[in-house]
Number of protein chains: 2
Amino acid sequence: MKYDHDEIIEKATTLFWQRGFQAAGMRDIQQALDMRPGSIYARFQSKEGLFKLVIEQYAQNSEKRLKQVAEAESPLGALYHFFETALTGPDEQRYMRQCLLVKSIAELDIIGDIAKKAVLESMQTLKAGFRDIIEACIEKGELPEQTPAKLAAEWLQNQFVGLRAFALMQDENLATTQMIDKVMVDLKGQWPQQTH
Amino acid sequence: MKYDHDEIIEKATTLFWQRGFQAAGMRDIQQALDMRPGSIYARFQSKEGLFKLVIEQYAQNSEKRLKQVAEAESPLGALYHFFETALTGPDEQRYMRQCLLVKSIAELDIIGDIAKKAVLESMQTLKAGFRDIIEACIEKGELPEQTPAKLAAEWLQNQFVGLRAFALMQDENLATTQMIDKVMVDLKGQWPQQTH
DNA sequence: TTATCGCTTGAACGATCGTTCAAGTAAACC
DNA sequence: GGTTTACTTGAACGATCGTTCAAGCGATAA
């Protein structure tokens with residue numbers, strides 16, 4: 001075993017994050033990982049197999065960070081900070097503004113059934129993470145008692161998805177920061193009646 | 001000239017919308033348009049050239065629909081209706097829930113410089129369309145005078161982008177409808193101070 | 001009639017795609 | 001020591017990619 005597993009996944013993550021599943025060719029992967037095709041296939045069975053591990057690792061990582069937000073002294077403040085760091089990173093890490101999962105959703109029909117399942121399950125996991133944050137905010141009195149947790153969690157995740165696409169197109173951070181501010185305002189604001 | 005131009009663009013739009021630029025192979029295009037490669041290249045120079053025309057036509061169409069919203073008797077009501085129809089179509093037209101432009105943004109690095117330019121310019125055009133709607137709402141007294149039009153327009157477009165990704169993952173329309181309701185609430189709600 | 005033009009056809013091109021495979025290496029196990 | 005196992009190498013495979021091109025068609029212009 002010449003190559004370190006975590007290091008491989010990390011490098012592969014960067015590549016898939018930058019280029020997407022389809023656009024990242026096997027020869028790009030071989031170069032990025034400094035591995036020959038046989039090694040890659042012996043370990044990961046296929047390009048999709050490698051991608052699946054990348055997705056799972058990425059989701060696990062994201063989940064951990066959401067958990068930290070939920071367990072913070074001020075979940076609402078931590079949430080703001082989480083949004084800010086995720087959306088306004090330096091320009092050379094611009095690709096990171098896009099959520100790898102969301103990016104993958106755009107390729108859902110291409111990436112194969114196994115990876116597709118991993119992506120969708122990861123989205124569910126993260127939704128639960130957002131819900132924990134909402135509930136933590138309510139518990140700490142940072143959000144009103146009557147905030148509909150399930151709806152708010154979906155909404156929050158959705159805002160995050162939209163904002164990542166938004167931030168990707170922005171040249172400066174001011175517009176993005178204003179959007180985050182608006183999210184925080186709306187989070188504390190009214191919610192529609194559930195009587196549909 | 002055997003094939004009708006508008007018909008070609010329409011069929012190509014459907015294909016690109018369903019599959020994306022990259023995943024729509026020339027042989028898929030040939031089949032969808034019932035044209036041979038030579039014909040396609042004689043008319044459109046390249047796959048990218050065809051795609052560029054598709055994008056421009058799509059943007060033009062979208063712009064027209066936004067204009068109708070802005071010019072409606074109740075722009076706010078028309079806006080709601082616009083969101084609803086765009087996001088909760090029948091299942092066999094599920095691909096239409098995704099905005100072709102947003103989908104293309106995910107492929108921005110792949111589609112080539114000419115098409116890239118067309119996509120980004122179209123996004124700007126649509127942003128202006130959203131702004132017209134906001135201003136029409138203010139003028140008709142459906143939104144408060146002090147609503148920051150520029151910010152609100154960006155926000156609205158952003159909500160639309162996020163919701164399209166959201167709607168794509170939903171099995172039933174209830175969750176999507178609730179999200180639209182929340183958008184309408186927040187649109188009338190508070191806006192962050194511009195003092196950043 | 002002849003020339004020109006835009007459009008059409010379909011075979012074929014070179015490049016690239018994901019993947020396979022025979023062969024080799026090094027550590028682990030019996 | 002011998003066998004197994006996990007991993008490595010790099011050439012090569014068949015398939016598919018976007019694109020080209022010689023040839024032909026039909027309408028228009030001279």
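Worth knowing before you read on, the calculation uses all heavy atoms, side chains too, and leaves out hydrogens, waters and symmetry mates. Just so it is clear: chains get the letters A, B, ... in the order the sequence lines come, proteins before strands, and each one is counted from 1.
- Taking atom CD on Gln45(B) and atom P on dG6(C), their separation rounds to 12 Å, with Å as the unit.
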Could you run down the sub-3.5 Å N/O contacts of the protein with nucleotides 15-18 of chain C?
residue : atom : partner  : partner atom : Å
dG18(C) : OP1  : Lys47(A) : NZ           : 2.5
dG18(C) : OP2  : Met26(A) : N            : 2.5
dG18(C) : N7   : Arg27(A) : NH1          : 2.9
dG18(C) : O6   : Arg27(A) : NH2          : 2.7

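- Counting only residues at least two apart or on different chains, the salt bridge (charged side-chain N to carboxylate O under 4.0 Å, His left out) pairs with a member in residues 21-31 of chain B are Arg19(B)-Asp28(B).
- For the salt bridge (charged side-chain N to carboxylate O under 4.0 Å, His left out) condition, the pairs that include at least one residue of residues 134-144 of chain A, sequence neighbours left out, are Arg131(A)-Glu135(A).
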Short heteroatom pairs, N/O only, protein and nucleotides 9-11 of chain C, under 3.5 Å:
residue : atom : partner  : partner atom : Å
dT9(C)  : OP1  : Lys2(B)  : NZ           : 3.4
dT9(C)  : OP1  : Tyr3(B)  : OH           : 3.1
dT9(C)  : OP1  : Arg36(B) : NH2          : 3.0
dT9(C)  : OP2  : Arg36(B) : N            : 3.4
dT9(C)  : OP2  : Arg36(B) : NE           : 3.4
dT9(C)  : OP2  : Ser39(B) : OG           : 3.3
dG10(C) : O6   : Gly38(B) : N            : 3.1

All N/O donor-acceptor pairs, side-chain side in residues 59-73 of chain B, below 3.5 Å, sequence neighbours left out:
residue  : atom : partner  : partner atom : Å
Ser62(B) : OG   : Tyr58(B) : O            : 2.9

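- Shown here are the salt bridge (Lys or Arg N to Asp or Glu O under 4.0 Å) partners of Glu7(B), two or more places apart in sequence or in another chain: Lys11(B).
- For residues 144-157 of chain B, the side-chain hydrogen bond (donor to acceptor under 3.5 Å, both in side chains) pairs, not counting sequence neighbours, are Lys127(B)-Glu154(B).
- For the contact set between residues 10-19 of chain A and DNA chain D, defined by any heavy atom under 4.0 Å, there are no members.
- Identified under the salt bridge (charged side-chain N to carboxylate O under 4.0 Å, His left out) test for residues 160-176 of chain B, with sequence neighbours left out: none.
- Annotation: side chain of Ile114(A) is not in contact with side chain of Phe51(A) (no heavy-atom distance under 4.5 Å).
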Pairs under 3.5 angstrom only: tabulate donor-acceptor contacts from the side chains of residues 100-111 of chain A to other protein residues two or more places apart or in another chain.
residue   : atom : partner   : partner atom : Å
Lys103(A) : NZ   : Trp17(A)  : O            : 3.4
Ser104(A) : OG   : Leu100(A) : O            : 2.6
Glu107(A) : OE1  : Phe21(A)  : N            : 2.8
Glu107(A) : OE2  : Gln22(A)  : N            : 3.0

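- A search for ring-ring contact (aromatic ring centres under 6.0 Å, His included) contacts involving Phe160(B) returns Phe82(B), Phe83(B), Phe130(B), not counting sequence neighbours.
- Applying the salt bridge (charged side-chain N to carboxylate O under 4.0 Å, His left out) definition to pairs two or more places apart or across chains, those involving residues 37-56 of chain B are Lys52(B)-Glu56(B).
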